[in-house]
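Since the structure comes first, as structure tokens, the remarks are kept for the end.
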Amino acid sequence: MKLAVLILKDDNKLDELLTVLSKENYRRVTVLNSNSYETEKGKKNSKQINIFASIRYMVEFYNDESKTIFIPTTIDKIEELKEIIKGFVKKEEYTFFSIDISDLEGSIVE
């Protein structure tokens with residue numbers, strides 16, 4: 001299993017992208033509003049910074065209007081997923097990476 005992570009700078013095409021992902025049988029997609037590292041760092045009493053905020057900082061995504069999208073998928077579907085995303089979003093408007101997930105438990109992953 002893989003967890004694909006897509007960080008969109010702008011959510012202009014989000015609804016359209018989610019519709020296509022659904023038609024292509026990508027299920028259990030999660031979309032989160034994401035704050036930038038700078039915003040998180042500036043919050044009072046904030047002792048910990050969200051890992052995805054720090055990833056956005058590393059890839060120079062400072063826009064607080066961005067979305068972080070998690071897409072559980074299989075290894076053989078990663079390239080297909082990349083092509084779907086490339087068809088909707090300009091290269092400079094997103095960051096995409098995947099994380100290997102080898103230890104899953106629970107009924108919602110089946």
Side-chain angles (χ1 to χ4, degrees):
M1 283 292 293
K2 290 276 195 178
L3 180 63
V5 180
L6 172 64
I7 304 170
L8 287 177
K9 264 188 174 177
D10 193 355
D11 62 358
N12 290 354
K13 302 231 176 192
L14 181 62
D15 289 338
E16 194 177 352
L17 178 60
L18 292 175
T19 299
V20 170
L21 290 174
S22 178
K23 286 179 183 176
E24 295 293 330
N25 291 319
Y26 289 94
R27 304 285 186 235
R28 298 182 182 97
V29 175
T30 302
V31 179
L32 300 176
N33 290 326
S34 52
N35 292 330
S36 69
Y37 175 82
E38 294 299 318
T39 300
E40 290 292 317
K41 192 169 85 170
K43 289 182 180 177
K44 287 187 176 184
N45 301 321
S46 179
K47 298 194 190 258
Q48 295 181 336
I49 295 177
N50 177 309
I51 187 170
F52 294 103
S54 56
I55 289 171
R56 285 179 45 186
Y57 176 73
M58 289 185 287
V59 296
E60 298 180 358
F61 270 59
Y62 298 110
N63 179 6
D64 276 336
E65 300 298 317
S66 66
K67 304 287 185 195
T68 303
I69 304 165
F70 301 94
I71 308 164
T73 189
T74 57
I75 293 169
D76 59 318
K77 292 284 202 169
I78 290 293
E79 291 304 317
E80 174 185 289
L81 185 55
K82 286 180 186 179
E83 292 304 315
I84 291 170
I85 293 165
K86 287 177 187 176
F88 282 91
V89 187
K90 294 178 188 173
K91 187 175 183 176
E92 61 273 3
E93 294 179 356
Y94 74 91
T95 294
F96 177 89
F97 59 95
S98 63
I99 302 168
D100 186 40
I101 302 174
S102 57
D103 188 21
L104 293 175
E105 289 187 30
S107 63
I108 65 169
V109 297
E110 297 172 358

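The figures that follow rest on heavy atoms only: side chains count, while hydrogens, waters and symmetry mates do not. Counting begins at 1 with the first residue of the sequence.
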For Asp76, the side-chain contact (heavy atoms from CB on, under 4.5 Å) test, sequence neighbours excluded, returns Thr74

Residue set satisfying side-chain contact (heavy atoms from CB on, under 4.5 Å) with Leu18, at least two apart, ordered chain then number -> Leu14, Leu21, Val29, Val31

Value for CG (Leu17) from OH (Tyr26), rounded to nearest 0.5 Å, stands at 11.0 Å

CZ (Arg28) and CG (Leu3) are apart, to the nearest 0.5 Å, by 13.0 Å

Sorted by chain and number, sequence neighbours left out, side-chain hydrogen bond (donor to acceptor under 3.5 Å, both in side chains) with Asn25 holds for Arg27

Are Ile101 and Lys2 close enough, and set up right, to give a side chain to side chain contact (heavy atoms under 4.5 Å, CB included), and what steps lead you there?
CA-CA 5 Å; Ile101 302 174; Lys2 290 276 195 178; over 6 Å; no

Here the pair of heavy atoms bringing Met1 nearest to Pro72 is CE-CB, 4.2 Å

| task | Apply the test side chain to side chain contact (heavy atoms under 4.5 Å, CB included) to residues Phe96 and Leu81: give CA-CA distance (whole Å), side-chain angles for both, the deciding distance (0.1 Å), then the verdict. | result | CA-CA 10 Å; Phe96 177 89; Leu81 185 55; 4.0 Å; yes

- Query: Do the non-hydrogen side-chain atoms of Lys9 and Tyr94 ever get within less than 4.5 Å of each other?
  - Reply: no

- request: Evaluate the side chain to side chain contact (heavy atoms under 4.5 Å, CB included) criterion for residues Ile78 and Ser98: first the C-alpha distance (whole Å), next the side-chain angles of each, then the deciding distance (0.1 Å), finally the verdict.
  value: CA-CA 8 Å; Ile78 290 293; Ser98 63; 3.8 Å; yes

The reported gap from CG in Leu32 to OG1 in Thr68 (rounded to nearest 0.5 angstrom) is 6.5 Å

Heavy-atom closest pair (Asp11 atom, Lys67 atom, distance to 0.1 Å) is OD2-CE, 3.3 Å

Hits for salt bridge (charged side-chain N to carboxylate O under 4.0 Å, His left out) against Lys77, two or more places apart or cross-chain, chain-then-number order -> Glu80

Partner of Ile69 under side-chain contact (heavy atoms from CB on, under 4.5 Å), picked from Leu6, Val5, Thr30, is Leu6

Heavy-atom nearest pair, Ile84 first then Glu24, reads CD1-CG, 3.8 Å

Across all chains, not counting sequence neighbours, the side-chain contact (heavy atoms from CB on, under 4.5 Å) partners of Lys23 are Thr19

